[in-house]
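As the structure is a computational prediction, the values presented were derived from the model and not from experiment. Sequence lines set the chain letters: A, B, ... in the order given, protein chains first and strands last, and positions in each chain run from 1.
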2 protein chains.
Amino acid sequence: MTRQRQIILEELQKDYSHPTASVVYLKVRRRLPHISLGTVYRNLEILSEQGLIKKLELSGTQKRFDGTLSEHYHVRCFKCGRISDVSMETLTALDEKLSEMCDYEIIGHRLEFIGLCPKCKKNKKHAHKTKTTTPISPGNIS
Amino acid sequence: MTRQRQIILEELQKDYSHPTASVVYLKVRRRLPHISLGTVYRNLEILSEQGLIKKLELSGTQKRFDGTLSEHYHVRCFKCGRISDVSMETLTALDEKLSEMCDYEIIGHRLEFIGLCPKCKKNKKHAHKTKTTTPISPGNIS
DNA sequence: CATAAAATGATAATAATAATCATTCTCAAG
DNA sequence: CTTGAGAATGATTATTATTATCATTTTATG
């Protein structure tokens, strides 16, 4: 466990925004100005293999990381790209149901809700300023 | 509607494998050997904007396209990357449930099952040969 | 047929991530 | 403590998927 890996882990554990690798990089660089982007990628990968953080495969082009290990679903704002946690229980029954209906051996599922976040709901005219990712066209939830 | 757009659409409509842009390109090139990859990307984008095909945002790095317009979920084999359709009814109740639980205005969700396809179930020793995409590590269904 | 708008093919550009590699760090054994 | 092997780092380059540019060609329409 190197200093840089420790700090990447710490920064992720106190960040609830499901940051992308480059956001983690920016935050970590405040404490380690000479760290390289490659080191951040490498360690995010290693930490998620070790089960200390989670790598999220949500929609959008960039991977996101979560220092919270509990299982939970996410909502994405289709306007500003913000990701929030959802406190809905895990739907294990879905996997069992599908197991009986198809010839795959089901081991799990990914569920991501799409919606409009409170901030974007207010400023419907112009999207919320701290936009982080590409918006989703509402007709394309697939 | 140009000849190339027509053929891209046709090839997609008779392909049930949820192909990526480059797979569509390879197939279309059998009929139009001089078509460029950029044209394929451009037309897949246009056709999905027009609602003639669907652009799928599944896990993995590449986008996939579907000539079948009906709404349905998908299963992905975590070993070989194959995508199959799932004949489970759309769970609109989930969106309503979440609407009451959180402050987002929910407009839909994305659900993708992860499992082991019949072919990979048989050849458990070595993954199925017609592998198309990177496998998913079973510990990382997020 | 003319012609304006749209699309094409070729190519370059971008964005996110992964790989390479010489140098530096970490940590357990002495 | 020192040390030495293996792992990790920073700098850099490479890869992969996708998008943008642009001169030329095609399409649809009057």
Base versus backbone protein contacts along nucleotides 4-14 of chain D [heavy-atom cut-off under 4.0 Å; B, S, -]: ----SBBB---

Nearest-0.5 Å distance, CZ of residue Arg76(A) to CZ of residue Arg82(A): 12.0 Å

Rounded distance (Å) that lies between atom P of dT26(D) and atom CD1 of Ile7(B): 15 Å

Test side chain to side chain contact (heavy atoms under 4.5 Å, CB included) applied to Cys77(B) and Cys120(B), Ser84(B), Pro118(B), the passing residue: Cys120(B)

Start and end of the DNA chain C segment that chain A contacts, any atom under 4.0 Å from a heavy atom: dA16(C) to dC27(C)

Lys/Arg-Asp/Glu bridge criterion (N-O < 4.0 Å) met for Lys79(B), Glu105(A): no

Carboxylate-amine/guanidinium proximity below 4.0 Å for Lys14(B) and Glu11(B): yes

Five-pair end axes of the helix from dC1(C)-dG30(D) to dG30(C)-dC1(D) and the angle they enclose, rounded to 10°: 30°

Leu58(B) CG to His74(B) NE2 distance, which is reported to the nearest 0.5 Å: 6.0 Å

Whole-Å distance separating the CG atom of Leu56(B) from the P atom of dT18(D): 12 Å

Side-chain donor/acceptor of Gln4(B) to backbone N/O of Val40(B), under 3.5 Å: no

Nearest-0.5 Å distance, CD of residue Glu49(A) to CG of residue Leu44(A): 11.5 Å

Lys55(B) with Glu45(B): basic N within carboxylate O range, under 4.0 Å: yes

In one Ile/Leu/Val/Met/Phe/Trp/Tyr side-chain cluster, 4.5 Å: Val24(B), Leu56(B): no

Residue pair Leu94(A) / Met88(B): nearest heavy atoms and the distance that separates them: O-CE, 3.8 Å

